[in-house]
Colleague: 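Got a structure for you, written out below as structure tokens; questions coming shortly.
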Amino acid sequence: MPSSATVTLFQTLDVESLDSGNQLPGDAVAKVKSQPDFQQGFLGQKLEDPKTWVLATEWSSASAAKQCITSIKDHVRAQETFIYQFDTAVLKAPCTEVFTAFETEEGFEEQVGRFVSAVEGDKLEGYKGADYGAEVKVDRDGAGEKSVRMVIGWVSKEAHVEAKGKPGAIQENIGELRAKRKGVDLFHVNFKGL
């Protein structure tokens, strides 16, 4: 299981949330950064869907992330909001693969851990690091649908595509990501720091 003590808030934004330079407006950035317990933030466009952007902000706790959601709602209009606990260092890679499994069953997070360990041990060309974590529930008691997010850093989206097409850890362990979950979302983002 990931060992990060912080949580990462992922918010999906449409292009209307950004200024003419495809950046968060300065007042929104200032509002996010001024929140208590803000650690760092990243913004990037989904490479597979250029009209959709992802804001990822790191917080010292789930309660701080929840407070942020409430405080910035007039400045950042999010289509989706998820909170996960994992190390955000991988978001600093030139390209980040973001894999999310929905409606996961007991044991799925451990399967993702085995997949990450196998990829980590294979020293794939273009690979920069990975981490994963289960969704942190802030508005509910933790009951209901569960999701797990894995982030993998690459030198480029092409490096990921090339690595998964070759024999090795990805092909040999992909079954770990295909069982005990119902839905999946996968995209790539070239994050930049706020």
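Residue numbers count from 1 along this sequence. These numbers come from the heavy atoms of this one structure, side chains and all, not from hydrogens, waters or symmetry mates. What you see is a predicted model, and the numbers here were worked out from it, not measured in a lab.
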Colleague: Rounded to the nearest 0.5 Å, what's the gap from CZ on Phe191 to NZ on Lys92? Could you check?
Modeller: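 Separation between the atoms: 13.0 Å.
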Colleague: Please report the interatomic distance CG(Leu55) to CG(Leu194), rounded to the nearest 0.5 Å.
Modeller: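 Going from the CG atom of Leu55 to the CG atom of Leu194 covers 6.0 Å.
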Colleague: Would you call Leu47 and Asn190 a side-chain contact if the rule is heavy atoms closer than 4.5 Å?
Modeller: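 They are in side-chain contact.
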Colleague: Looking at OG1 of Thr88 and CD of Gln40, how far apart are the two atoms once the value is rounded to the nearest 0.5 Å?
Modeller: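 One finds 4.0 Å between OG1 of Thr88 and CD of Gln40.
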Colleague: Should the heavy atoms of other residues, nucleotides or ligands under 6.0 Å from CD of Glu48 be counted, would the total exceed 12?
Modeller: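 Yes, because the 6.0 Å sphere around CD of Glu48 holds more than 12 heavy atoms from other groups.
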Colleague: Short question: side chain of Gln39, backbone of Asp37 - any donor-acceptor pair under 3.5 Å?
Modeller: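 Looks like yes, one N/O pair under 3.5 Å.
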Colleague: Determine whether Phe108 and Glu176 make a side-chain contact, defined as any pair of heavy atoms from C-beta on separated by less than 4.5 Å.
Modeller: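 Heavy-atom side-chain distance check fails, nothing below 4.5 Å.
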Colleague: Hey, are the side chains of Arg149 and Val98 touching, using non-hydrogen atoms and a 4.5 Å cut-off?
Modeller: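 Touching, per the 4.5 Å side-chain cut-off.
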Colleague: Which distance, rounded to the nearest 0.5 Å, do you find between the NZ of Lys51 and the NZ of Lys46?
Modeller: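 Lys51 NZ to Lys46 NZ: 14.0 Å, rounded to 0.5 Å.
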Colleague: May I ask you to decide if Asp87's main-chain N or O and Asp131's side chain share a donor-acceptor pair within less than 3.5 Å?
Modeller: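 Checking the backbone N and O of Asp87 against the side chain of Asp131, a donor-acceptor pair under 3.5 Å is found.
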Colleague: What I'd like to find out is whether the side chain of Ile69 reaches to under 4.5 Å of the side chain of Thr81, using heavy atoms alone.
Modeller: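 A side-chain contact under 4.5 Å exists here.
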Colleague: Go through the structure and list residues passing ring pair (Phe, Tyr, Trp, His ring centres under 6.0 Å) with His160, not counting sequence neighbours.
Modeller: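 In terms of ring pair (Phe, Tyr, Trp, His ring centres under 6.0 Å), with neighbours along the sequence ignored, His160 is linked to Trp154, His188.
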Colleague: Would you say NZ of Lys128 has more than 12 non-hydrogen atoms from neighbouring residues, nucleotides or ligands within 6.0 angstrom?
Modeller: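 No, the 6.0 Å shell around NZ holds no more than 12 heavy atoms from other groups.
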Colleague: Please determine, by modelled atom types, if Gln67 and Ser63 share a side-chain donor-acceptor pair under 3.5 angstrom.
Modeller: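 The answer is no; no qualifying pair exists.
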Colleague: Counting N and O atoms only, with roles assigned by atom type, does the side chain of Gln111 sit under 3.5 Å from a partner on the main chain of Ala179, one being a donor and the other an acceptor?
Modeller: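 Checked: pair present.
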Colleague: Just by distance, do the side chain of Asn173 and the backbone of Ala169 share a donor-acceptor pair under 3.5 Å?
Modeller: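 Confirmed, Asn173 side chain pairs with Ala169 backbone.
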Colleague: Nearest 0.5 angstrom please: Phe42 CZ to Thr8 OG1, how far?
Modeller: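 So the CZ of Phe42 and the OG1 of Thr8 are separated by 8.5 Å.
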Colleague: Under a 3.5 Å threshold, yes or no: a donor from one side chain and an acceptor from the other, between Thr104 and Arg181?
Modeller: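 Side-chain D/A pair, Thr104 to Arg181: absent.
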Colleague: Please give me the minimum heavy-atom distance between Lys166 and Glu125, naming the atom from each residue.
Modeller: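 Of all heavy-atom pairs spanning Lys166 and Glu125, the closest is NZ-OE1, 4.3 Å.
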Colleague: Side chains of Ser147 and Glu135: any donor to acceptor distance under 3.5 Å?
Modeller: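 A pair is found: one side chain offers a donor N or O, the other an acceptor, under 3.5 Å apart.
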Colleague: Output the distance between atom CD (Glu120) and atom CZ (Phe115), rounded to the nearest 0.5 Å.
Modeller: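 So the CD of Glu120 and the CZ of Phe115 are separated by 11.5 Å.
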Colleague: Are Glu58 and Val7 packed together at the side-chain level, in the sense that at least one heavy-atom pair is separated by less than 4.5 angstrom?
Modeller: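 A side-chain contact is absent here, since even the closest heavy-atom pair is not under 4.5 Å.
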Colleague: Within the structure provided, determine whether Phe99 and Ile152 are in side-chain contact (heavy-atom separation under 4.5 Å).
Modeller: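 No, side chains not in contact.
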Colleague: Indicate whether any N or O donor in one side chain lies under 3.5 Å from an N or O acceptor in the other, for Gln35 and Ser71.
Modeller: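 Distance-only check passes for Gln35 and Ser71.
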Colleague: Give the cluster check for Val155 versus Met150: same hydrophobic cluster or not, with ILVMFWY residues linked at side-chain heavy-atom distances below 4.5 Å.
Modeller: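 Shared cluster, no.
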Colleague: Kindly give the heavy-atom pair with the smallest separation between Ala159 and Gly126, and that separation in Å.
Modeller: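 Looking at all heavy atoms of both residues, the closest pair is CB-CA, 4.2 Å.
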Colleague: Is the shortest heavy-atom distance from the side chain of Val32 to the side chain of Thr57 under 4.5 Å?
Modeller: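 Yes, side chains in contact.
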Colleague: Is there a side-chain contact (heavy atoms from CB on, under 4.5 Å) between Phe187 and Val54 once you walk through the steps?
Modeller: CA-CA 10 Å; Phe187 58 89; Val54 179; 3.8 Å; yes
Colleague: According to a 4.5 Å side-chain heavy-atom criterion applied to Ile, Leu, Val, Met, Phe, Trp and Tyr, with indirect links allowed, do Leu177 and Val161 form part of one hydrophobic cluster?
Modeller: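 Result: no, two separate clusters.
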Colleague: Run the numbers on Tyr84 and Thr100 for side-chain contact (heavy atoms from CB on, under 4.5 Å), then give the verdict.
Modeller: CA-CA 11 Å; Tyr84 297 92; Thr100 310; 3.5 Å; yes
Colleague: Could you tell me how the ring of Phe86 sits relative to the ring of Phe10: parallel (under 30°), tilted (30 to 60°) or perpendicular (over 60°)?
Modeller: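 Judged by the thresholds at 30° and 60°, the geometry between Phe86 and Phe10 is tilted.
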Colleague: Can you tell me if Gln45 and Thr52 form a side-chain donor-acceptor pair at under 3.5 Å?
Modeller: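 The criterion, which ignores hydrogens and geometry beyond distance, is not satisfied for Thr52 and Gln45.
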Colleague: Can you name the closest pair of heavy atoms from Ala93 and Gly153 and give their distance?
Modeller: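 Between these two residues, the closest heavy atoms are CB-CA, 3.6 Å.
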Colleague: Given the rule in the salt bridge (Lys or Arg N to Asp or Glu O under 4.0 Å) test, do Glu110 and Arg114 qualify, once you have shown the distances and angles that lead to the verdict?
Modeller: CA-CA 6 Å; Glu110 290 78 15; Arg114 289 192 296 270; over 6 Å; no
Colleague: Looking at every non-hydrogen atom in both residues, tell me the closest pair between Ala78 and Leu13 and how far apart they are.
Modeller: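 Distance-wise, the nearest heavy atoms are CA-CD2, 3.9 Å.
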Colleague: Can you see whether Trp59 engages Ser61 through a side-chain donor-acceptor pair at a distance of less than 3.5 angstrom?
Modeller: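 Side chains of Trp59 and Ser61: no pair found under 3.5 Å.
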Colleague: Would you say Leu124 and Ile170 make side-chain contact, with heavy atoms under 4.5 Å?
Modeller: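 The answer is yes, as the side chains (C-beta and beyond) meet within the 4.5 Å cut-off.
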